[in-house]
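Here's the structure we're looking at; comments come further down.
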Amino acid sequence: QVQVVESGGGLVQAGGSLRLSCAASVTAFSLTTMGWYLQVPGKQRVLVASISSDGSTNYADSAKGRFTISRDNVKNTMYLQMNSLKPEDTGVYYCNVGARWGSTTPYYVWGQGTQVTVSS
């Protein structure tokens with residue numbers, strides 16, 4: 001009963017910016033930690049940034065100082081503001097959402113992914 005939809009990807013020149021959005025539709029579940037992951041062809045999916053329900057954030061070293069993760073708990077939406085983009089930021093960005101019913105152990109739901117391409 002948790003559905004995740006991502007948007008905001010696209011083609012941008014190096015040094016440019018993009019803002020990714022992840023909207024979660026929930027029924028009978030509460031959202032916990034939400035995060036953005038990057039998958040490059042031929043490589044494993046890796047964490048870019050995450051944010052807890054109380055706003056605590058965590059960033060990959062490559063994202064620090066350039067990306068900002070945030071969430072709107074009223075809209076159940078998470079954002080990733082991406083500035084000073086580099087070609088190595090290219091890949092598919094996936095939204096991951098933690099959800100639980102009451103005090104149960106959370107389970108995690110993936111979005112469909114959104115393509116980000118940074119040209120040099």
Side-chain angles (χ1 to χ4, degrees):
Q1 296 181 332
V2 179
Q3 296 182 336
V4 179
V5 179
E6 298 154 325
S7 62
L11 175 64
V12 65
Q13 293 181 313
S17 299
L18 286 173
R19 190 192 191 208
L20 307 183
S21 298
C22 171
S25 299
V26 299
T27 302
F29 288 89
S30 298
L31 302 181
T32 56
T33 299
M34 305 174 74
W36 288 100
Y37 290 74
L38 170 64
Q39 186 160 26
V40 177
K43 297 183 179 180
Q44 291 294 112
R45 195 173 299 180
V46 297
L47 176 69
V48 176
S50 65
I51 184 167
S52 68
S53 59
D54 66 359
S56 179
T57 59
N58 185 33
Y59 294 92
D61 288 340
S62 61
K64 292 179 180 178
R66 298 189 300 125
F67 297 176
T68 302
I69 190 170
S70 61
R71 66 190 288 170
D72 184 333
N73 290 331
V74 175
K75 297 181 179 179
N76 287 329
T77 301
M78 175 180 64
Y79 306 95
L80 185 67
Q81 179 65 48
M82 308 166 70
N83 298 325
S84 302
L85 284 162
K86 305 174 181 179
E88 49 263 45
D89 296 320
T90 294
V92 179
Y93 285 76
Y94 292 90
C95 175
N96 181 260
V97 175
R100 66 181 179 186
W101 192 93
S103 60
T104 60
T105 300
Y107 72 96
Y108 297 89
V109 179
W110 291 99
Q112 81 286 355
T114 184
Q115 176 72 42
V116 171
T117 302
V118 184
S119 62
S120 61

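Hydrophobic clustering, with ILVMFWY side chains joined whenever heavy atoms are under 4.5 angstrom apart, groups F67 together with V40. Cluster annotation: V2 is not connected to Y37 through the hydrophobic network of ILVMFWY side chains, with a link wherever side-chain heavy atoms come within less than 4.5 Å. A single hydrophobic cluster is not seen to contain both V48 and V92; linkage of ILVMFWY side chains at heavy-atom distances under 4.5 Å, directly or through other members, places them apart. Under the 4.5 Å side-chain heavy-atom criterion for Ile, Leu, Val, Met, Phe, Trp and Tyr, V5 and L18 are members of distinct hydrophobic clusters. Linking Ile, Leu, Val, Met, Phe, Trp and Tyr whenever their side-chain heavy atoms come within less than 4.5 Å leaves V4 and Y94 in two separate clusters.
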Going through the checks in order, is the salt bridge (Lys or Arg N to Asp or Glu O under 4.0 Å) test met by D61 and K64? CA-CA 5 Å; D61 288 340; K64 292 179 180 178; 3.3 Å; yes
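Atom CG of residue L80 and atom CE of residue M34 lie 12.0 Å apart, to the nearest 0.5 angstrom. Separation of atoms CG (D54) and OG1 (T33) is listed at 8.5 Å; rounding is to 0.5 Å. Separating the CG atom in L47 from the CG atom in N96 is a distance of 9.0 Å, to the nearest 0.5 Å. L20 contributes atom CG, which lies 4.5 Å from atom CH2 of W36 (distance to the nearest 0.5 angstrom). With rounding to the nearest 0.5 Å, the separation of CE in M78 from CG in N73 is 11.5 Å. Note that CG of L31 is 9.0 Å distant from OG of S53, once rounded to the nearest 0.5 Å.
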Identify all side-chain donor-acceptor contacts of residues 97-111 below 3.5 Å with residues at least two apart in sequence or on another chain.
unit_1 : atom_1 : unit_2 : atom_2 : d
W101   : NE1    : A28    : O      : 3.3
T104   : OG1    : W101   : N      : 3.0
T104   : OG1    : W101   : O      : 2.8

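The two residues R66 and L85 make their nearest non-hydrogen contact at NH1-CA, 3.9 Å. In plain terms, the two heavy atoms of M82 and V116 that are nearest each other are CE-CG1, 4.4 Å. Residues Q81 and S17 approach most closely at NE2-CB, 4.0 Å, considering heavy atoms.
Side chain of R71 to main chain of S52: a donor-acceptor pair is present (N/O by atom type, distance under 3.5 Å, no hydrogens or angles). Remark: side-chain polar atoms of T90 are paired, donor with acceptor, to backbone N or O of V118 under 3.5 angstrom.
By the 6.0 Å contact criterion, CD on Q39 is enclosed, its count of non-hydrogen atoms from other residues, nucleotides or ligands being greater than 12.
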